2 protein chains.
Amino acid sequence: MAENIVQGLRDKIENGIVTGLFAPGERLDEVQLAKRFGVSRTPIREVLMQLSAIGLIEIRPRRGAVVVEPGPQRIYEMFEVMAELEGMAGALAARRHTEEDRADLLAAHDKCQQSSNSGDTDAYYYDNELFHGAIYLAGHSAFLAEQCTTLHRRLRPYRRLQLRVRNRMKTSFSEHTGIVEAILAGDAEAARALLRSHIAVQGDRFGDLVSTLAKREARTA
Amino acid sequence: MAENIVQGLRDKIENGIVTGLFAPGERLDEVQLAKRFGVSRTPIREVLMQLSAIGLIEIRPRRGAVVVEPGPQRIYEMFEVMAELEGMAGALAARRHTEEDRADLLAAHDKCQQSSNSGDTDAYYYDNELFHGAIYLAGHSAFLAEQCTTLHRRLRPYRRLQLRVRNRMKTSFSEHTGIVEAILAGDAEAARALLRSHIAVQGDRFGDLVSTLAKREARTA
DNA sequence: GTCAAACATATTGTATGCAAGAACGATTAT
DNA sequence: ATAATCGTTCTTGCATACAATATGTTTGAC
């Protein structure tokens, strides 16, 4: 075999959960997954253990693994924490960014502008991830970057839904511009505040999120 | 068999790492651990996978698992993030605490006062954990509470070292008093700022931490 | 007719066995 | 004598087999 079956499986299953291939609430049968991926139950079990440790699935003793369905309350809380962490990354980036970081950040921002103009939400979603990644790097805190990336992954499906909301992509991009300015100007607190409100699910946006969730719920039911 | 060997093993090994029974850098041999705990390699492997997912150990393909040694840089970063999350919890607690939370927080604070006066750093460490736990609860964000608790656990050995520094326990307790006042007064930003500087490893304290780490390093070498 | 208990089946949890790769040592050649 | 290469051994990685429990169905009794 190659080298690390488990690593590959982990990414596949995790992506399957995050993209909705495995719906929330769905029971993950070990032998089914094993057959599906052409491996034995052992690596499957190890992957499930890892995902359980991250909190993506829940393993009830003797009763199997199910994809957790984070209710609106919990999703809101996750965005809340994410907003704070991103704000922190922005503040650090404003204080610590180097010339190289500056160039990378501007390049990522340019890419966002292009995909935003093209109207391709999927492309924008990808470039948006790169943009935020550039901010993490500019913050020069490897640990913070890891935490942010992990949370970003877990929130991926919901962030994707948000972009579909009317005009959200344009608004998002214009917010980016302010964030870049604050970071490059070295204004830590401005960068923090702007990133916080960029991420946070406030006011109307929470209603949008919940209703979109409800729709998706109805579709899978 | 009982019910969940893996859960028990996970706690034991995790605690072993956190308390230093398994030293950083040490190689964790599967068969040795299996013999030690009287089980087969399978549950041991699953535990190691979980710990690897949390980041407590590192599994290098075909080369076994080693306890990760987070360098001073990384430990500093972890405290930095922790400070921000705790600050956030404090701000939320200031805004959202109920009458019940108020009572719990004051009770936890009282216990800290007692153990602080007794001079027992271990007792204070425990009560301190309860105190911070009460703040998480008062913040009414289950997700944030989980994140904080996880980080708290990972930083446990270093926090313990800090308390041994001269007068740190008294200083810590007096800081608690200010935090409690800010939270109960509903002053979110004050609570945030106080908790941030309560946790953060700033100025002299970073030097203290590094030198204490170096000493421990020399002892295990 | 309905409810409860017992048995059967399916699925999880643990152990063991087999294969492949990495580390360490020995032997040989320069 | 030293270094390099080949081989052996130890350990990880995956698969399969066995044991234990939970769930569902069927049958019997009230």
Side-chain angles (χ1 to χ4, degrees), chain A residues 1-18 21-70 220-221, chain B residues 1-18 21-70 220-221:
Chain A
M1 299 293 159
E3 49 204 319
N4 238 12
I5 288 188
V6 171
Q7 280 303 319
L9 280 179
R10 193 182 95 90
D11 284 350
K12 274 181 196 159
I13 296 183
E14 185 177 345
N15 259 314
I17 293 175
V18 149
L21 195 148
F22 301 109
E26 183 174 337
R27 182 150 157 280
L28 296 176
D29 186 71
E30 293 180 0
V31 294
Q32 268 187 4
L33 289 174
K35 248 189 250 173
R36 178 179 201 138
F37 293 108
V39 297
S40 94
R41 275 178 53 219
T42 309
I44 296 288
R45 280 184 63 78
E46 291 182 347
V47 168
L48 293 183
M49 285 279 165
Q50 283 193 49
L51 296 183
S52 156
I54 303 178
L56 262 170
I57 66 177
E58 193 178 348
I59 296 184
R60 293 168 306 181
R62 292 275 172 201
R63 297 192 55 194
V66 294
V67 180
V68 300
E69 164 73 83
T220 58
Chain B
M1 301 291 159
E3 49 205 317
N4 236 12
I5 289 188
V6 171
Q7 281 301 320
L9 280 179
R10 193 182 95 92
D11 284 350
K12 275 182 196 159
I13 296 183
E14 185 176 345
N15 260 314
I17 293 175
V18 151
L21 195 147
F22 301 109
E26 184 174 337
R27 184 151 155 279
L28 296 176
D29 187 70
E30 293 180 0
V31 294
Q32 268 187 6
L33 289 174
K35 249 187 251 174
R36 179 180 200 137
F37 293 108
V39 298
S40 91
R41 278 176 49 220
T42 308
I44 296 287
R45 282 183 62 79
E46 292 184 348
V47 168
L48 293 183
M49 284 283 165
Q50 281 193 51
L51 296 184
S52 155
I54 303 177
L56 262 171
I57 66 176
E58 193 178 347
I59 297 183
R60 293 168 305 180
R62 293 271 173 203
R63 298 193 54 196
V66 294
V67 180
V68 299
E69 164 72 83
T220 59

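Note that this is a predicted model, so its numbers are computed, not measured.
Atom CG in D29(B) sits roughly 18 Å away from atom P in dT9(D) (whole-Å rounding). Atom C1' of nucleotide dG13(C) and atom CZ of R60(A) are separated by 16 Å, given to the nearest angstrom. Per the geometry, CD belonging to E30(A) stands 11 Å off P belonging to dT14(C), to the nearest Å. Distance, I57(A) CD1 to dT12(C) C1': 13 Å, rounded to whole Å. L9(B) places its CG atom 9 Å from the P atom of dT14(C), with the value rounded to the nearest Å.
Proximity of residues 35-48 of chain A to DNA chain C (heavy atom under 4.0 angstrom from any strand atom) is restricted to R41(A), R45(A).
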Can you check nucleotides 22-25 of chain D for protein contacts, nitrogen or oxygen pairs under 3.5 Å, and list what you find?
from: dT23(D); atom 1: OP1; to: R63(A); atom 2: NE; distance (Å): 2.8

Review item, side-chain donor-acceptor pairs of residues 32-43 of chain B, under 3.5 Å, at least two apart:
from: S40(B); atom 1: OG; to: T42(B); atom 2: N; distance (Å): 3.2
from: R41(B); atom 1: NE; to: E30(B); atom 2: OE1; distance (Å): 3.1
from: R41(B); atom 1: NH2; to: E30(B); atom 2: OE1; distance (Å): 3.3

Which donor-acceptor pairs under 3.5 Å do side chains of residues 51-61 of chain A form with protein atoms, sequence neighbours excluded?
none

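The two atoms that bring F22(A) and L28(A) nearest to each other are CD2-CD2, 3.8 Å, heavy atoms only. Considering all non-hydrogen atoms of both residues, V68(B) and P24(B) come closest at O-CB, 4.1 Å.
Scored by the side chain to side chain donor-acceptor pair (under 3.5 Å) test, D11(B) finds no partners at all (sequence neighbours excluded). Here E46(A) pairs with R45(B) under the salt bridge (charged side-chain N to carboxylate O under 4.0 Å, His left out) rule; sequence neighbours left out.
For the atom pair I44(B) CD1 and M49(B) CE, the distance stands at 13.0 Å (nearest 0.5 Å). In this structure, the separation between CG on N15(B) and CZ on R10(B) is 10.0 Å, given to the nearest 0.5 Å.
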